[in-house]
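What follows is a short report on a single structure.
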Amino acid sequence: SKQYSKKPASQVEIAKKRIRFLFQEAKDVFRKDKGLADKYARTARKIAMKYKIRPPSSLKKRLCKNCHSYLVPGVNSRVRIHKHRLIYYCFKCKHYMRHQVK
């Protein structure tokens, strides 16, 4: 199997800041332009994959795992609690995402 080298720590820190910034921008621009918010969320996801960073769970829940759109509960997604799970339902692609509640 191939050995993949780790990225330098300085680059990883910059990538984390960019991910947080992109999600903040997506939140700010969502009301005006949903397409642009989705684009910011997809870009943040690509950065996380490139640098092998696991985004914080609060940001992970803001992204649809199927269509990669930016989710805002009550506007384009539904959130329910059922049997110790948070269930997110995306209105765009009709996909359910289940997150464990501690």
Side-chain angles (χ1 to χ4, degrees):
S1 69
K2 282 188 176 181
Q3 289 293 327
Y4 293 101
S5 62
K6 284 193 171 186
K7 304 279 193 263
S10 60
Q11 286 183 11
V12 171
E13 282 305 310
I14 291 168
K16 285 181 181 178
K17 286 179 185 173
R18 287 177 74 194
I19 290 167
R20 283 193 296 270
F21 175 77
L22 283 166
F23 270 100
Q24 184 60 46
E25 284 297 307
K27 182 180 178 181
D28 295 342
V29 80
F30 181 79
R31 292 277 177 220
K32 295 175 213 143
D33 189 358
K34 290 176 174 58
L36 189 58
D38 291 348
K39 185 176 178 183
Y40 287 154
R42 274 194 298 273
T43 305
R45 179 179 171 273
K46 282 183 181 178
I47 292 168
M49 289 191 324
K50 181 176 181 178
Y51 289 92
K52 299 178 198 150
I53 300 169
R54 187 176 279 182
S57 65
S58 59
L59 297 181
K60 222 183 222 186
K61 292 172 186 170
R62 294 277 176 178
L63 187 65
C64 177
K65 289 182 180 179
N66 191 46
C67 66
H68 311 300
S69 61
Y70 184 73
L71 298 178
V72 176
V75 180
N76 64 351
S77 69
R78 180 186 303 138
V79 182
R80 297 286 186 260
I81 298 174
H82 181 70
K83 293 185 180 177
H84 308 289
R85 287 187 180 93
L86 273 174
I87 300 171
Y88 284 76
Y89 177 71
C90 176
F91 293 158
K92 190 174 178 182
C93 67
K94 317 269 191 283
H95 189 256
Y96 288 97
M97 286 131 316
R98 294 165 188 88
H99 299 277
Q100 195 69 32
V101 177
K102 293 178 182 175

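Everything numeric in this text was worked out from a predicted model, so none of it was measured.
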What pairs meet the side chain to side chain donor-acceptor pair (under 3.5 Å) rule with one or both residues in residues 93-102, with sequence neighbours excluded?
none
Checking [X] now: which residues fulfil side-chain contact (heavy atoms from CB on, under 4.5 Å) with it, not counting sequence neighbours?
{"X": "Phe21", "value": "Glu25"}
{"X": "Ala26", "value": "Ala37, Tyr40, Tyr70"}
{"X": "Gln11", "value": "Lys7, Pro8, Tyr51"}
{"X": "Lys60", "value": "Arg54, Pro55"}

Which heavy-atom pair separates [X] from [Y] by the least distance, and what is that distance?
{"X": "Cys93", "Y": "Asn66", "result": "SG-ND2, 3.5 Å"}
{"X": "Lys52", "Y": "Ser5", "result": "NZ-O, 3.9 Å"}
{"X": "Asn76", "Y": "Val72", "result": "OD1-N, 2.7 Å"}

Residues joined to Val79 in its hydrophobic cluster, side chain to side chain under 4.5 Å directly or through other members, sorted by chain and number, are Leu71, Ile81, Leu86, Tyr88, Met97, Val101
Answer yes or no: does atom NZ of Lys61 have more than 12 heavy-atom neighbours from other residues, nucleotides or ligands under 6.0 Å?
yes
In terms of hydrophobic clusters joined by side-chain contacts under 4.5 Å, are Phe30 and Phe91 together?
no
According to salt bridge (charged side-chain N to carboxylate O under 4.0 Å, His left out), does anything in residues 75-92 pair up with another residue at least two apart or in another chain? List the pairs.
Asp38-Lys92
Give every residue pair that meets the salt bridge (charged side-chain N to carboxylate O under 4.0 Å, His left out) criterion with at least one member in residues 39-48, sequence neighbours excluded.
none
Quiz item: cation-pi between Lys6 and Tyr4, 6.0 Å / 45°
no
Asp28: side-chain hydrogen bond (donor to acceptor under 3.5 Å, both in side chains) partners, not counting sequence neighbours
Gln24
What distance do [X] atom [atom1] and [Y] atom [atom2] have between them, rounded to the nearest 0.5 Å?
{"X": "Cys64", "Y": "Tyr89", "atom1": "SG", "atom2": "OH", "value": "10.5 Å"}
{"X": "Ile47", "Y": "Ile14", "atom1": "CD1", "atom2": "CD1", "value": "11.5 Å"}
{"X": "Leu59", "Y": "Lys16", "atom1": "CG", "atom2": "NZ", "value": "12.0 Å"}

